[in-house]
Asks: 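Sharing a structure below in structure tokens format, with a few things to ask.
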Amino acid sequence: MRVDQRAGVEGRLRELSGRLHGPTRLKADLLTEARHALEDAVEAYREGGLPRAEAERRAVAEFGSAAQLVPGYQAELAAGALRGLALRTLAVAVVLMSAGDLTWRGSSWSAGPRPPSGYLLLSAALNGIWAVVAGLALLGLLLGALAARRDSPRLVRSARAVGFGLTGGLLVGALAGGALFGWSVHLWDAALTWPPMIVGAVLVSAAWFALARAARWWLLSNSVPRPAG
């Protein structure tokens, strides 16, 4: 008899928990569902007259080995992580594209000389980057939802490609945004004391923290090797 079939319910759940990677809440929900399924099977065997230890052994063996269970659970975690990343990205992109210019309106330098052409080019490029990122986020939401409902290797591969593209787009957006902010401060010293600019910087920093956390979960959920399909 294999070791994984001798493990009790708690042992199997600990094994699954150690091998699954993804958003904490979604992972906890999956493990809770697994626990309920195992406990129901144990109770059914107990009602048939088996002692607790034997009932757990049979329930765990019937439920499947960790090697059999992990790919399906991990795919669900990856789909959930992509949806979370895409949703946060879309919200931040919409806010930045629609309200980004508000931090400058009414400032003492807004009516001064036009900034260098390179600055204007970088600003326009940043808007374009966020437009592309928003499009990828919408596609990620769609593919993440479909991948969670349908067992299709093609959908999984497409979702992973969009997820990597979205993560890369966020990285480019962060670099471009940081460069534009630094250039703005270099051109206008008063930017560091302009209240809307300060508030905007705080909010953007919080948004980037949430995006970095979501991107980390998505990358972790896709770091587990999956069987070819």
Side-chain angles (χ1 to χ4, degrees), residues 20-30 71-104 120-184 196-197 199-224 226 229:
L20 293 175
H21 304 279
T24 304
R25 183 177 298 179
L26 180 55
K27 177 180 172 179
D29 289 343
L30 291 178
Y73 282 149
Q74 192 59 55
E76 191 167 346
L77 284 171
L82 178 58
R83 292 196 301 272
L85 174 60
L87 188 60
R88 287 167 176 78
T89 299
L90 186 60
V92 172
V94 170
V95 170
L96 288 179
M97 287 189 296
S98 60
D101 290 339
L102 294 178
T103 58
W104 303 99
L120 296 175
L121 179 61
L122 179 59
S123 180
L126 185 59
N127 289 333
I129 290 170
W130 277 112
V132 172
V133 166
L136 287 172
L138 285 172
L139 187 57
L141 283 174
L142 175 61
L143 290 176
L146 291 176
R149 297 176 183 176
R150 303 179 185 178
D151 185 14
S152 169
R154 180 176 296 179
L155 275 176
V156 171
R157 288 193 295 269
S158 297
R160 292 189 72 186
V162 169
F164 281 120
L166 184 55
T167 304
L170 286 173
L171 179 58
V172 173
L175 293 175
L180 188 65
F181 180 82
W183 201 345
S184 300
M197 186 76 168
V199 173
V202 171
L203 294 178
V204 168
S205 297
W208 274 112
F209 177 80
L211 288 176
R213 189 167 182 267
R216 174 180 175 272
W217 280 127
W218 185 82
L219 291 171
L220 282 175
S221 70
N222 281 272
S223 65
V224 180
R226 300 179 191 173

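For reference, positions follow the sequence shown, starting with 1. Computed from a predicted structure; not experimentally measured.
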Asks: So which heavy atom on Leu166 is nearest to which on Ala86, and how close?
Replies: CD2-CA, 4.0 Å
Asks: Any non-hydrogen side-chain atom of Phe164 less than 4.5 Å from a side-chain atom of Leu219?
Replies: yes
Asks: How close do Ala207 and Val92 get, heavy atom to heavy atom, and via which atoms?
Replies: CB-CG2, 3.8 Å
Asks: I'd like to know if the side chain of Arg83 reaches the main chain of Gly140, judged simply by a donor and an acceptor atom lying under 3.5 Å from each other, with no hydrogens or angles considered.
Replies: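 Not at all, since once roles are kept as given, no pair shorter than 3.5 Å links the two residues.
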Asks: Which heavy atom of Ala79 sits nearest to which heavy atom of Gly144, and what is that distance?
Replies: CB-O, 3.5 Å
Asks: Shortest non-hydrogen contact from Gln74 to His21?
Replies: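 So the minimum-distance heavy-atom pair works out to NE2-O, 2.5 Å.
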Asks: Quick one: does Leu85's side chain get under 4.5 Å of Trp217's, heavy atoms only?
Replies: no
Asks: Within the 4.5 Å heavy-atom criterion, are Lys27 and Leu77 side-chain neighbours or not?
Replies: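 Yes, their side chains come closer than 4.5 Å.
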Asks: Hey, could you give me the CD1/CG distance between Ile129 and Leu96, rounded to the nearest 0.5 Å?
Replies: 12.0 Å
Asks: If I compare all heavy atoms of Gly80 with all of Leu26, which pair ends up nearest, and what's the gap?
Replies: CA-CD2, 3.7 Å
Asks: Might you point out which heavy atoms bring Trp130 and Ala93 nearest each other, and give the distance in Å?
Replies: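 Shortest heavy-atom contact: CE3-CB, 3.5 Å.
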Asks: Atom CG in Leu82, atom CG in Leu142: separation rounded to 0.5 Å?
Replies: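 Leu82 CG to Leu142 CG: 10.0 Å, rounded to 0.5 Å.
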Asks: Checking the side chain of Arg213 only, and the main-chain atoms of Phe209 only, is there a donor and an acceptor separated by less than 3.5 Å?
Replies: no
Asks: How many angstroms lie between atom CG of Leu143 and atom CG of Leu138, to the nearest 0.5 angstrom?
Replies: 11.0 Å
Asks: Supply the atom-to-atom distance Leu146 CG to Leu155 CG, rounded to the nearest 0.5 angstrom.
Replies: 5.5 Å
Asks: Say you draw a straight line from CG of Leu141 to CG of Leu136; how long is it, rounded to the nearest 0.5 Å?
Replies: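 Answer for the CG-CG pair, Leu141 versus Leu136, is 11.0 Å.
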